[in-house]
Amino acid sequence: MIQNLSPEEIVRREALEKLRAKGIEPFPAAEFKVTATSQECIDQYEEGREVRLAGRLMNMRDMGKASFAHLQDATGRVQIYINVDSICPSEDKSFYKEVVKHLLHFGDFIGVEGKLFTTKMGEISVHVAQLTVLAKSLKPLPVVKKDEAGNIYDAFTDPELRYRMRYVDLVVNDKVKETFIKRTRIVNAMREFFNERGYLEVDTPVLQAIPGGASARPFVTHHNALDVPMYLRIANELYLKRLIVGGFDGVYEFSRNFRNEGMDRTHNPEFTVMEIYVAYKDYHWMMDFTEAMLRHVCEKALQTTVVQFGEKTIDFGKPFARVSMTEAIQRYTGFDITGKSEQELFAFAQSIGIEVNATMGKGKLIDEIFGAKCEGQFVQPTFITDYPVEMSPLCKRHRDNPELTERFELMINGKEVANAYSELNDPIDQRARFEEQLSLQERGDDEAMFIDQDFLRAMEYGMPPTSGMGIGVDRLVMFLTNNETIQEVLFFPQMRPEKFESGPNPKEFEALGIPVEWVEHVIKAGYDSVEKLKAAKPTAVHQTLNGYRKKNKLEIPAVQLEEVNGWML
RNA sequence: GAUCUCGUAGCUCAGCUGGUAGAGCAAUACACUUUUAAUGUAUGGGUCCUGGGUUCGAGUCCCAGCGGGAUCACCA
């Protein structure tokens, strides 16, 4: 296959061949032993210290008989100084003059060995005594420049390219790497918090026969051997509860969930939720636990409990406010939902401009009112508690009011980040609630839950009182890393699959009898498919090709008209 | 799924009421042994997303498609 290479790519490929011709393997197999990272060179600077480090060559500045560049490794960048006489101590200066000056390019991986020193301008640098080519880069990276004040020029910003080629984004945009390092630190801090308390990290099925535990459209697949439909999980809740039935005191899982729904800046078809279930606890305990956990995460991962998100400052250090759903709606609409009928709620929702329809039950109506008028108001971490029973089919009824449930959601910056219950463990009530969902489904609510009979059976064997909590990891990471879109906190966000032009196949051209040395030029001259070539007049092809040959000064025999006629048969 | 908007050099972007494409950086060549957005001089580089249409003439106007982004709907 012939690729259309840019002039810069051709230069790099030629450099690759020239390196080989000089006996330098551009992709050597041997380990390059590293004794320091760029960060260590700076943090543990000692004049004259011998270091060996490896990374990408960035921003080469050729000064004649000496050159400066930066070497970028996983920890950052350090300047390197390459001087003819140091790198070529003998008479033969060709390594510097040819290899360093002409055959190395921006983005190449190299290893260097040398002593640390500080330049006149005060920058810690490696005075290179030996340089090893570790891997040639055949495509030029986008060049991003930064001045002394930290202003960035010509940034690589196109979101499509950044997400499709995250590997390039990571190399070139420093902040991107920071976000993902923080993401891992956040996850590690959570894990550490749970493990310290003796809770067990578990794995439950991703491929499920019944997509339960949440209301969402699943991705459907098929198991060939069993000849049954299977679903990618939309939640793992029901499996973790089965484990509580089985006798574990506390289990948690970082669950990759899949939902076949819209994609936007806060939704990706696959996303991560951490779910934890702890036996003998209730949702009050879980609020304290969640609050402590988030504080721990902030301290461990960010070294602060005060987080900047856009214009807003979010304080995880102060106690989180706790507001009931009823209070919240009363506060922001003046309407008291207590004891109201479905008709009354319907009328009120309609009166404040919410689009309503007949499929909506009480729970849905309350949820809509809250979503429209209240949700956005809670910028600081706030627990919204005591949701109506219709909205929460897996949650235990409130101990003081059977129309409510013992549920809370944690709101941060007006968005739901965590959701928790005193889990419903009465199997008879649970069955009734599932049936209620079924009737909602019949009314046309396509998000109502499926009934999982095995889950009900497990409940019938007895589940201890348990509190469970789920937290949207991607969303939490967004808030803690000051990113407005989920795509920025996922390495490879879902994108429409990219189409690669397969390009012309030289073999097809050769099959027509076109000389091998001509095939490439026939394609470049514009006949990029066999069909196109055959559709053209032989005389025109003949003239075009010989014109092309002359223009590009090709040292191959001109084509004859009879030859061209032969190809067209 | 709907509406708006964008697609020009490797990257970031100009290109007015239609007249056959520009800049900076990157590349190439030369100069320069402590520079740092290095500098100076010179050179090369484009299917203006694709396909139609209007026009003497389309990067520019119109239509359709493809691909992004934003807003909305759904959802976490």
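Lettering of chains follows the sequences in order, A, B, ..., and the numbering in each one begins at 1.
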Handout entry: Watson-Crick/G-U partner (both atom distances under 3.5 Å) of B:C61
Key = B:G53
Exercise for the section: Round to the nearest Å and state the distance from A:R233 atom CZ to B:A76 atom P. Expected result: 17 Å
Exercise for the section: Please say whether more than 12 non-hydrogen atoms of neighbouring residues, nucleotides or ligands are located less than 6.0 Å from NZ in A:K93. Expected result: yes
Exercise for the section: Would you kindly say whether A:N83 and A:K65 are connected by a side-chain donor-acceptor distance under 3.5 Å? Expected result: no
Practice task
Answer yes or no: is there an ion pair linking A:R164 with A:E160, defined by an N-O contact shorter than 4.0 Å?
Solution key: yes
Exercise for the section: Assess A:R407 against A:Y421: is NZ or CZ under 6.0 Å from the centre of the six-membered ring, and within 45 degrees of the ring's axis? Expected result: no
Completion exercise
Rounded to whole Å, CE of A:M58 lies from P of B:A26 at a distance of 13 Å
Problem - Spacing of A:N268 atom CG relative to B:A76 atom C1', expressed in whole Å - result: 11 Å
Handout entry: Who pairs with B:U35 - Watson-Crick or G-U, where each distance is under 3.5 Å
Key = none
Exercise for the section: Would you please say whether a donor-acceptor pair under 3.5 Å links the side chains of A:Q494 and A:N268? Expected result: no
Handout entry: Residue matched to B:A70 through Watson-Crick or wobble contacts both under 3.5 angstrom
Key = B:U3
Handout entry: Atom-to-atom span, NZ of A:K364 to C1' of B:C74 - whole angstrom
Key = 8 Å
Exercise for the section: Using the P atoms only, state how far B:A21 lies from B:C25, rounded to an integer number of Å. Expected result: 23 Å
Exercise for the section: For A:N59, answer base if it contacts any base atom (sugar-phosphate contacts may also be present), sugar-phosphate if it contacts only those atoms, and nothing otherwise; contact means non-hydrogen atoms under 4.0 Å. Expected result: sugar-phosphate
Practice task
May I ask you to check whether A:E423 and A:S467 show a side-chain donor-acceptor distance below 3.5 Å?
Solution key: no
Practice task
On RNA chain B, check which nucleotide each of A:P140 and A:F117 is closest to and give me the residue with the more 5' one.
Solution key: A:P140
Exercise for the section: For the residue pair A:N483 and A:T481, confirm or rule out a side-chain donor-acceptor distance under 3.5 Å. Expected result: yes
Problem - Greater than 12 external heavy atoms within 6.0 Å of A:K146's NZ - result: no
Problem - Nearest-angstrom distance from the residue atom CD of A:E275 to C1' of B:A76 - result: 11 Å
Exercise for the section: Please determine, by modelled atom types, if A:Y81 and A:S67 share a side-chain donor-acceptor pair under 3.5 angstrom. Expected result: no
Problem - Gap between atoms CZ and P, on A:R162 and B:U12 respectively (whole Å) - result: 11 Å
Exercise for the section: Classify the nucleic acid contact of A:S67 as base, sugar-phosphate or nothing, counting any heavy atom under 4.0 Å across all strands shown. Expected result: nothing
Practice task
Mark this stacking check for A:F271 against B:A76 as yes or no, applying ring centres under 5.5 Å and ring planes under 30°.
Solution key: yes
Exercise for the section: May I ask you to check whether over 12 heavy atoms, not counting those of A:Q377, lie within 6.0 Å of atom CD? Expected result: yes
Pairs: protein N or O with nucleotides 68-72 of chain B N or O, under 3.5 Å:
| unit_1 | atom_1 | unit_2 | atom_2 | d |
| --- | --- | --- | --- | --- |
| B:G68 | OP1 | A:R164 | NH2 | 3.2 |
| B:G68 | OP1 | A:R496 | N | 3.4 |
| B:G68 | OP2 | A:R496 | NE | 3.3 |
| B:G68 | O4' | A:E160 | OE1 | 3.4 |
| B:U71 | OP1 | A:R265 | NH1 | 2.9 |

Just the atom pairs and distances: protein N or O near nucleotides 23-25 of chain B's N or O, under 3.5 Å.
| unit_1 | atom_1 | unit_2 | atom_2 | d |
| --- | --- | --- | --- | --- |
| B:G24 | N2 | A:D154 | OD1 | 3.1 |
| B:G24 | N2 | A:D154 | OD2 | 3.2 |

Exercise for the section: State whether the distance check finds a donor on one side and an acceptor on the other, under 3.5 Å, for side chain A:T119 versus base B:U35. Expected result: yes
Practice task
Would you check if there is a donor-acceptor pair between the side chains of A:H127 and A:S86 at a distance under 3.5 Å?
Solution key: yes
Problem - Atom-pair distance (CZ on A:R77; P on B:A37), nearest Å - result: 13 Å
What nitrogen or oxygen pairs link the protein and nucleotides 27-30 of chain B at under 3.5 Å?
| unit_1 | atom_1 | unit_2 | atom_2 | d |
| --- | --- | --- | --- | --- |
| B:U28 | OP1 | A:H105 | NE2 | 2.8 |
| B:C30 | OP2 | A:H102 | NE2 | 3.2 |

Handout entry: Test of ring centre spacing under 6.0 Å for A:F491 and A:F180
Key = yes
Exercise for the section: Write down the distance between CD1 (A:I10) and C1' (B:G45), rounded to a whole number of angstrom. Expected result: 10 Å
Practice task
Report yes if a donor N or O on one partner sits less than 3.5 Å from an acceptor N or O on the other, where the partners are the side chain of A:E123 and the base of B:U34; otherwise report no.
Solution key: no
